[in-house]
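Letters A, B, ... are given to chains in the order of the sequence lines, protein chains preceding strands, and every chain is numbered from 1. What you see below is based on every heavy atom in this structure, not just the backbone, and it leaves out hydrogens, waters and symmetry mates.
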Amino acid sequence: MPKSSPDSASLLTMRGIVKQFPGVRALDGVDLDVRAGEVHCLLGQNGAGKSTLIKVLAGVHQPDEGAVVFGGRQVRLTSPTAAIRLGISTIYQELDLVDGLSVAENVYLGHEPARLGFVSQSQVNRATRELLAGLGHGEIRPTTEVGRLSPAAKQVVSMARALSYDTRLIVMDEPSAALAHDEVANLFRIIRELTAQGVAVIYISHRLEEIREIGDRVTVLKDGRTVAVGLSAKDTPTSQVVSLMTGRNVEHVFPPRPRPGSHDGRPEVLRVEGLSVPGRVSDVSLTVRAGEIVGLAGLVGAGRSEIVEAIYGARRASGRVVLNGTPVRGGNPSRAVRAGMGLAPEERKAQGLLLDQSVMRNISLSSLDRYARFGWIDRDQEASEARRQIEELGIRPPHLDRPIKNLSGGNQQKAVLARWLINGRRLLLLDEPTRGVDVGARAELYAVIRKLADEGIGVLLVSSEVPEVLGLADRVLVVREGRVIHESDARDLDEHHVLDMIMEGMPA
Amino acid sequence: MSDSSTPAVDEQAPTRTRDSMPRATTWNRLGEIPHLGLIIALVLLAVVGLVTVPGTFATASNLVSVLSLAATIGVITVGATFVIIGGGIDLSVGAVMALASVWATTLATQSFGPFVMIICALLVGTGAGLVNGLLISYGRMVPFIATLAMLVAARGLAQRMSDRKTQLIQQGNQVIVDMSTTRVLGLPVLVYIFAVVVVLGWLLLNRTTFGRRTYAVGGNPEAARLAGIDVRRHTVLLYALSGLCCGIAAVLIMARTTTGSSTHGDLYELDAIAAVIIGGTLLTGGRGTIVGSILGLLIFTVITNLFILNGLNTADQLIAKGLIIVVAVLLQRRSLTSRT
Ligand SMILES: Nc1ncnc2c1ncn2[C@@H]1O[C@H](COP(=O)(O)OP(=O)(O)OP(=O)(O)O)[C@@H](O)[C@H]1O
Ligand SMILES: [Mg+2]
């Protein structure tokens with residue numbers, strides 16, 4: 001680690017960056033200072049401006065004010081190509097892969113190794129295979145169409161793309177949000193290899209334990225301003241970081257649970273018998289009682305999302321799904337919704353949001369019939385309900401008419417959940433509901449989910465974060481390779497125990 | 001980590017409101033008027049008309065002829081706007097309109113009187129649209145292919161039914177023709193029918209669950225499905241609606257030409273789709289407006305009118321239309337990127 005003054009050793013210095021969007025000052029004078037070979041963590045609440053800042057750095061947004069010095073020279077990042085040429089590559093929060101192209105074509109999109117203008121496909125494939133192998137994912141074939149990959153595999157592909165350039169700085173915007181535990185370990189291994197070669201990494205995450213593990217220094221943003229620079233990632237207490245981010249102390253992350261066994265007498269909201277999805281899920285049976293939160297723990301790709309989607313009728317499956325004592329015919333989510341289910345899907349951008357539409361229209365999408373008579377929408381009622389939903393989940397900014405694509409990632413996630421905060425739900429299927437949501441808002445979200453359960457709704461929760469499943473759920477099912485291998489009260493489990501089971505498949 | 005730089009913590013960052021609007025200049029506010037570009041284009045065309053053919057352009061009779069011309073394709077454009085916002089495309093509109101006009105004017109149908117003729121046209125149109133929708137939704141055919149097949153088949157059927165002859169509306173059924181000859185406040189009745197269809201289409205798109213779902217189905221079908229919308233059923237309804245509009249258009253063209261014919265509506269699909277695109281609706285679905293489509297259509301119709309009035313030939317007219325499509329799409333691309 002260089003001992004000289006921070007500025008001379010800096011690879012990147014950003015000073016007084018201001019970025020104004022119509023109606024929002026997303027960045028209001030941000031400073032950032034990154035050294036070669038370090039992992040610099042960027043922290044802040046949802047909407048603090050992290051993604052906007054890295055988009056300025058990537059040449060996507062042009063700052064209104066401020067200066068950027070990279071490698072000792074003042075630079076102007078006028079376009080993504082300009083940034084890449086300087087050696088800055090970016091993995092965006094919302095993956096920007098082209099679904100219809102192959103893995104290799106995505107990795108080398110725009111900079112195909114060509115000879116005399118001809119792209120040599122075999123050469124592209126070979127180079128891609130090497131990159132993927134270096135990332136520990138030799139099993140992803142360069143010729144596979146990206147649209148067929150899981151979210152985690154897509155994350156690996158965008159990583160490969162970032163590495164396919166000759167880079168001095170890699171920016172990662174919530175790379176771990178779509179990754180499971182062991183994948184995160186793999187990611188960290190790659191990051192360490194990069195920094196050992198002198199590459200700098202800017203790392204954004206809402207999982208503070210990751211910061212401590214991988215980070216060297218921390219910059220905290222709040223409301224578009226830098227509130228702390230150069231904190232030591234290892235030595236700064238988490239509580240201090242959290243209070244810098246949120247401006248308050250966040251305690252009691254998980255809401256109190258009802259006593260064990262208190263659901264025993266309650267009616268079954270959901271009974272699933274012998275559910276199978278060919279190749280993904282085999283013979284899963286489970287129940288959820290009124291007021292109960294049941295967690296599905298497991299690796300990404302273990303089949304948890306498939307289970308939830310099959311229950312919802314969004315996937316072809318065999319087996320029986322009974323809601324409140326009435327069998328639900330599969331094959332069509334609209335029947336499930338009419339019967340009282342709701343699903344917050346795993347991938348908000350691909351499966352949840354209408355990006356071109358306003359926040360209100362996204363939130364009211366699944367409840368339009370309640371505000372309508374003979375198809376005619378009562379817009380006042382729609383707006384007032386949407387306002388309540390926005391309020392309940394603390395979506396920022398709380399405007400109805402803003403296009404949802406202009407919201408920060410965490411706030412978009414909350415909008416996906418807000419859609420189901422409506423009367424008449426019996427069962428909510430929540431697939432990674434806190435992906436990309438900041439610590440403070442997470443606690444609020446947990447409280448909302450618990451409150452829904454207390455009102456008598458059954459909740460089936462999928463999460464890759466084991467502590468989240470253990471802290472929030474009443475009962476936990478461990479899923480591995482499409483089967484439920486363990487079931488018990490959440491209080492009888494600890495994190496290591498669950499991790500062992502999901503990795504090794506050891507029964508309890 | 002030993003670190004020489006002490007953490008600098010900015011304790012009293014002033015809590016300024018970040019939601020301040022930027023100063024709205026007049027220019028900014030102008031940019032917010034919807035369809036401003038289209039309106040300007042229409043005004044410019046009117047100016048061209050006033051300059052080049054001052055004697056004939058701004059006359060009542062010319063206005064009537066422009067609007068009557070716009071009415072038929074206009075009704076089809078309303079249906080096409082729904083289909084395209086819903087992420088599809090309907091190439092069969094002109095052919096379906098022709099088929100409906102032929103079916104409604106066969107001697108057999110005509111013997112039941114004008115009311116049955118109108119019902120017949122509407123049913124034929126809706127039926128053809130339903131077939132399109134079913135093929136696309138449940139037969140999983142690509143909209144382009146399914147409606148292309150319908151285009152060919154409907155034209156063929158129309159030719160067979162009419163034996164390639166133009167079928168005149170008979171004396172007893174003049175009520176239909178009256179729609180183009182009777183005038184209320186100086187405008188023929190069919191223009192009012194067009195206006196009613198536009199208003200109903202606007203209301204359907206902007207004020208009902210059907211309209212909202214159309215945007216959702218076109219914008220992100222997977223998200224729409226997971227939000228509980230029956231995407232397949234909705235798609236069928238969209239094409240049926242487009243078919244119904246073709247049926248209405250068939251009645252209007254029967255009124256205007258006093259005939260039913262298998263040659264009616266040739267290339268109307270291109271005019272309708274072009275109008276929708278010029279009006280700012282994305283072919284990828286999920287975005288667009290009725291008002292934009294109608295303005296796009298009026299621009300097209302006025303251009304045709306100007307070419308005719310100036311005695312220019314139709315080849316140049318086609319070239320001009322092609323250029324306008326390109327310019328319109330380029331301009332929209334620019335305004336889209338500058339906003340995001
Ligand atoms: N294109 C845009 N147009 C208008 N406002 C925007 C745009 N992009 C971002 N914003 C706003 O700028 C602010 C900062 O957003 P940003 O995405 O940078 O937050 P973030 O720190 O990355 O949050 P998260 O942790 O939720 O991803 C938010 O208030 C957001 O609504
Ligand atoms: Mg972000």
Minimum side-chain heavy-atom gap B/R212-A/S364 below 4.5 Å:
yes
Below 4.5 Å, heavy-atom pairs only: which of [options] has the largest tally toward chain B?
{"options": "A/G313, A/S334, A/S366", "value": "A/S334"}
{"options": "A/L355, A/V416, A/D369", "value": "A/D369"}
{"options": "A/Y371, A/W376, A/F374", "value": "A/W376"}
{"options": "A/R379, A/E309, A/R335, A/R419", "value": "A/R379"}

Can we say A/R338 and B/D230 salt-bridge, meaning some charged N sits less than 4.0 Å from an Asp/Glu carboxylate O?
no
Between A/K349 and B/E222, does at least one N-O distance fall below 4.0 Å, as a salt bridge requires?
no
Nearest 0.5 Å please: distance from the CG atom of B/N220 over to the CG atom of A/D356.
10.0 Å
Distance from A/D378 atom CG to B/R207 atom CZ, nearest 0.5 Å?
11.5 Å
Do you know the tightest heavy-atom contact between A/L343 and B/L226?
CD2-CD2, 3.9 Å
Can you give me the closest heavy-atom contact between A/L365 and B/A224, atom names plus distance?
CD2-CA, 4.5 Å
Taking B/T209, B/L203, B/I229 one by one, which has the highest count of heavy-atom pairs under 4.5 Å against chain A?
B/T209
Winner by heavy-atom pair count (cut-off under 4.5 Å) against chain A, out of B/A216, B/G211, B/P221
B/A216
Residues, nucleotides or ligands: over 12 heavy atoms within 6.0 Å of A/R315 CZ
yes
Look at atom CZ of B/F144 and say whether more than 12 heavy atoms of other residues, nucleotides or ligands are closer to it than 6.0 Å.
no
Please state whether the side chain, the backbone, both or neither of A/A350 comes within less than 4.5 Å of a heavy atom of chain B.
backbone
Under 4.5 Å to a heavy atom of chain B? For A/Q357 that would be side chain
Can a donor-acceptor pair be found, under 3.5 Å and without considering hydrogens, that links the side chain of B/R225 to the backbone of A/A314?
yes
